[in-house]
There are 2 protein chains.
Amino acid sequence: MAEPRSEQQLDSVFHRPQRGRRSQPALSRERIVAGTIALLDRDGARALTMRKVAAELGVHATSLYWHVERREDLVDLAVDGILAEAAAGLPGPEAPWARAVKETAHRFYAALASHTWAGEFAGSRPLVGPNAVALSRRIVSALGECGGSEESRAVAIRAVSNQILGAATSAAAMSRGVHDEARAAAVSASEVLAVENGYFEQVLDLVLAGVEAREGA
Amino acid sequence: MAEPRSEQQLDSVFHRPQRGRRSQPALSRERIVAGTIALLDRDGARALTMRKVAAELGVHATSLYWHVERREDLVDLAVDGILAEAAAGLPGPEAPWARAVKETAHRFYAALASHTWAGEFAGSRPLVGPNAVALSRRIVSALGECGGSEESRAVAIRAVSNQILGAATSAAAMSRGVHDEARAAAVSASEVLAVENGYFEQVLDLVLAGVEAREGA
DNA sequence: ACCTGAACACCGTTCAAGT
DNA sequence: ACCTGAACACCGTTCAAGT
């Protein structure tokens, strides 16, 4: 039974105080995150065990506990890790709001969908890492420019973020889903993803059409 | 490493052939599903272990394997179980398409959101049980009446189902999320759910406004 | 400061055995 | 047909011990 942690405690999952070091330690936050992501990409969500992450890094499972408090911290760090690139290239403040929403949402979704294990964790862990927050904030700020009441902006924000989370979750579920052999033979997983990526753009356009229709009313 | 199962195999998870029986068995599909749901409602997703489900039913863990093939079957059965009520009261074919979509989507979402553990499993298990399928089909048929190309209907279907899945996933994640004590003291979990339920309706209206705007264009 | 090793209380699943 | 019991190969996490 893990008890809930306060904002401040959770913040310390992502930003750990640096210590002065004399001899180079074998493990570090960065190495642990990289190893965890490599393991997840290779073997999937179910392979995320303390022992396997440790083995990936040539170390004992118990050693990880010096650097993280619990297994769930590895999940949070890995998920936020794959959002780093997406969060690094956000549209600037000069971008028109609709384009900023579309581009940010697409980067967010594409990062999650290209590592399907991330979608598998989306329901059990809130996305509160710094990169997820940066992406969310950019969407919020863009939708803040489109006019309307505070209430209607709150609705638009939820519509867009549900779209991202729903598409990522469904991509993850599909990747573990019923494999009709004929279909599996015909189209590879990456082709499916390409099609779904195209749908994501259209679906988001549809949502934004709703936002604009509302704004015009 | 569980290997994927074909459509037919998966179907047999939900519809098991009935056998003639002489003496009443202690366990049954129905009792197992009911016990699993009770356990999940009481103790959460992490409590779903074969041993605990068995204890809930006063039986040994290994006995469950006579009735199900693996732990994941319990997940599938429990999730589809909580969708039974929602699938039982679908809007009839005479309902106007937009109302049918809204009502069905709301029933779907509300069922998932009122058992947050279901949202936690949404990313790891595709919703392919008979009740989930019935709900999805009703949404598909309703959106089939709203005109537009096949492509645009496919987009609308994804928009609505992403909305359901995204809202349910985010409700689940929030229920395990950062507990700001002040906020937790001020509003109970059920109050939050009530607010989010209201948002869901508005968000769905927004999406449907997009569908209608597209159709008008 | 950082890692090891033993230990504890769990897991899912298998299979032979009972009735 | 249906359930038990022992067993196997795992889990996360703790803590004393090493360096």
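For the side chain to side chain contact (heavy atoms under 4.5 Å, CB included) test, residues two or more places apart in sequence or in another chain that qualify with A:Arg137 are A:Val133. For A:Arg158, the side-chain hydrogen bond (donor to acceptor under 3.5 Å, both in side chains) test picks out B:Glu196, with sequence neighbours left out. With sequence neighbours left out, A:Ser114 forms a side chain to side chain contact (heavy atoms under 4.5 Å, CB included) with no residue at all. Residues satisfying the side-chain hydrogen bond (donor to acceptor under 3.5 Å, both in side chains) test with B:His60, not counting sequence neighbours, are none. In this structure, the ring pair (Phe, Tyr, Trp, His ring centres under 6.0 Å) partners of A:Phe200, at least two apart in sequence or on a different chain, are A:Tyr109. Listed by chain and number, the residues in a side-chain hydrogen bond (donor to acceptor under 3.5 Å, both in side chains) with A:Glu150 amount to none (sequence neighbours excluded).
Taking 4.0 angstrom as the limit, B:His67 places a side-chain polar atom (N or O) nearer than this to OP1 or OP2 of D:dC3.
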Problem set entry | Protein proximity profile, nucleotides 4-16 of chain C - base contact B, sugar-phosphate-only contact S, no contact -, cut-off 4.0 Å on heavy atoms | BBB----BBBB--

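The interatomic distance linking B:Leu27 (CG) with D:dA1 (C1') rounds to 13 Å, in whole Å. Following rounding to the nearest Å, B:Arg29 (CZ) and D:dC2 (C1') show an atom-to-atom distance of 14 Å.
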In a table with atom names and distances, give each donor-acceptor pair under 3.5 Å that connects a side chain of residues 77-93 of chain B to protein atoms at least two apart or in another chain.
unit_1  : atom_1 : unit_2   : atom_2 : d
B:Asp80 : OD1    : B:Asn131 : N      : 3.4
B:Asp80 : OD1    : B:Ala132 : N      : 3.1
B:Asp80 : OD2    : B:Asn131 : N      : 2.9
B:Asp80 : OD2    : B:Asn131 : ND2    : 3.2

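Counting only Watson-Crick and G-U wobble pairs whose two distances sit under 3.5 Å, DNA chain D takes part in these stems of three or more pairs: C:4-8 with D:12-16, C:12-16 with D:4-8.
With B:Asp76 as the partner, the salt bridge (charged side-chain N to carboxylate O under 4.0 Å, His left out) test is satisfied by one option alone out of B:Arg70, B:Arg125, B:Arg71: B:Arg125.
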